[in-house]
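Input: a single structure, listed below in structure tokens.
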Amino acid sequence: ISIDNAENGGWTAIITPVDQKEEINFTVSAMAESSIIFNFYVNKTILKQGDEVVINGFVQHNNIKISSANISIFIVRPDNNTEIINLTDDGMNKDGISNDGIFTNVIRNTSLEGIYYLGAIAQANLNDKVAERFGFSWLFVEKSERKEPEFRRGDSNIDGTIDISDAINTLGFLFTGTGSVNCKDA
């Protein structure tokens, strides 16, 4: 890890396993030893295409979370396109509680298979000075294998069960044009 314009003083590097069962699943944080701490984390780092990922982050000074911080996440997708999202503390986007000092947002665009690199910048105003902290993480998106529905005679709406909804769907298709039948053999 290389940090440009690093503050003077001591530094601590922390390697945190996200899932003890997976050896490759970890987050690395490098922090200046000061009273200002920034941390961000994702709810999962290995996922399937199309899954959502919740990102949480906080900035604290002397063990008190700062609710006026700004946290931006730079997402570099496998095709090298970059997306920027801002974490918010407004009770929306899976934030839960507004103004509690925990900032949250959701990565919804995980359609590409591969590694997504996450870079985070947190800024907070303290004593008329802007303190900046940085963090890094990653996501690995596995290819989703679409399974074709198994053919079952009588399951005209292909929901995996044979019940009255199949009869209603078939009658609608035959007589009113309202139903849809993807497989006429069903």
Side-chain angles (χ1 to χ4, degrees), residues 1-22 24-112 114-142:
I1 296 175
S2 174
I3 300 175
D4 296 331
N5 301 320
E7 294 179 20
N8 291 329
W11 282 77
T12 301
I14 299 173
I15 300 173
T16 307
V18 176
D19 183 348
Q20 302 273 338
K21 298 174 191 168
E22 300 283 339
I24 61 168
N25 205 1
F26 61 90
T27 300
V28 176
S29 300
M31 297 178 278
E33 293 176 4
S34 77
S35 60
I36 302 168
I37 296 173
F38 167 55
N39 191 3
F40 86 101
Y41 47 95
V42 294
N43 65 329
K44 55 186 168 182
T45 57
I46 299 177
L47 51 145
K48 299 280 187 201
Q49 287 173 303
D51 286 353
E52 291 185 346
V53 179
V54 178
I55 303 177
N56 295 294
F58 63 86
V59 178
Q60 66 183 31
H61 179 254
N62 293 328
N63 295 322
I64 298 172
K65 289 185 176 63
I66 301 170
S67 61
S68 62
N70 295 309
I71 302 174
S72 298
I73 308 294
F74 295 81
I75 306 159
V76 180
R77 297 168 39 89
D79 61 2
N80 288 323
N81 285 320
T82 302
E83 177 182 354
I84 301 171
I85 64 172
N86 294 311
L87 303 189
T88 59
D89 187 16
D90 58 5
M92 300 171 67
N93 291 311
K94 309 232 180 196
D95 180 44
I97 301 171
S98 62
N99 298 316
D100 63 351
I102 299 175
F103 295 75
T104 307
N105 209 331
V106 179
I107 298 175
R108 291 185 170 86
N109 188 357
T110 60
S111 60
L112 297 176
I115 297 174
Y116 291 63
Y117 296 99
L118 309 178
I121 299 175
Q123 297 177 329
N125 289 316
L126 298 168
N127 303 324
D128 296 326
K129 291 183 181 180
V130 175
E132 284 190 326
R133 296 292 183 266
F134 304 92
F136 309 93
S137 191
W138 57 273
L139 306 171
F140 181 74
V141 176
E142 298 175 324

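If you read the sequence from its start, that first residue is 1, and numbering goes on from there.
Within the 4.5 Å cutoff, the side chain of Leu112 has no heavy atoms near those of the Gln49 side chain. Side-chain contact between Ile66 and Leu126 is present, with heavy atoms from C-beta onward closer than 4.5 Å. Side-chain contact between Phe38 and Ile71: present, with at least one pair of heavy atoms (C-beta onward) separated by less than 4.5 Å. In this structure, the side chains of Leu118 and Ile107 come closer than 4.5 Å at one or more pairs of heavy atoms. In this structure the side chain of Leu139 reaches within 4.5 angstrom of the side chain of Val42, judged on heavy atoms. Counting only heavy atoms from C-beta outward, the side chains of Thr110 and Tyr116 approach each other to under 4.5 Å. Contact of the Phe40 side chain with the Phe136 side chain is not registered, since no non-hydrogen atoms from C-beta on lie closer than 4.5 Å. Between Asn70 and Asn86 there is no side-chain heavy-atom pair separated by less than 4.5 Å.
Shown here is Tyr117, whose OH atom has no more than 12 heavy atoms of other residues, nucleotides or ligands within 6.0 Å.
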Take Glu142 and Leu47, measure what side-chain contact (heavy atoms from CB on, under 4.5 Å) needs, and give me the verdict at the end. CA-CA 6 Å; Glu142 298 175 324; Leu47 51 145; over 6 Å; no

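In this structure, CD1 in Ile36 is found 11.0 Å from CD in Glu132, a value given to the nearest 0.5 Å. Taking CG of Asp100 as the start and NZ of Lys65 as the end, the distance is 8.0 Å to the nearest 0.5 Å. Rounded to the nearest 0.5 angstrom, Arg133 CZ and Asn39 CG are separated by 13.0 Å. Distance CD/Gln123 to CZ/Phe134: 8.0 Å, rounded to 0.5 Å. Atom CG in Asn105 sits 12.0 Å away from atom CZ in Phe103 (nearest 0.5 Å). Distance CD1/Ile73 to CD/Glu83: 11.0 Å, rounded to 0.5 Å.
Remark: side-chain polar atoms of Asp90 are not paired, donor with acceptor, to backbone N or O of Ser98 under 3.5 angstrom. In this structure, Asp89 contributes its side chain and Ser68 its backbone to no donor-acceptor pair below 3.5 Å.
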Quick one: side chains of residues 74-82, donor-acceptor pairs under 3.5 Å with protein atoms, not counting sequence neighbours, listed by atom name and distance.
| from | atom 1 | to | atom 2 | distance (Å) |
| --- | --- | --- | --- | --- |
| Arg77 | NH1 | Asn109 | O | 2.9 |
| Arg77 | NH1 | Asn109 | OD1 | 3.0 |
| Asp79 | OD1 | Asn81 | N | 3.1 |
| Asp79 | OD2 | Asn81 | ND2 | 3.0 |

Got a list of side-chain donor-acceptor pairs under 3.5 Å for residues 50-57, not counting sequence neighbours?
| from | atom 1 | to | atom 2 | distance (Å) |
| --- | --- | --- | --- | --- |
| Asp51 | OD2 | Lys48 | N | 3.0 |
| Glu52 | OE2 | Arg108 | NE | 3.4 |
| Asn56 | OD1 | Thr104 | OG1 | 2.8 |

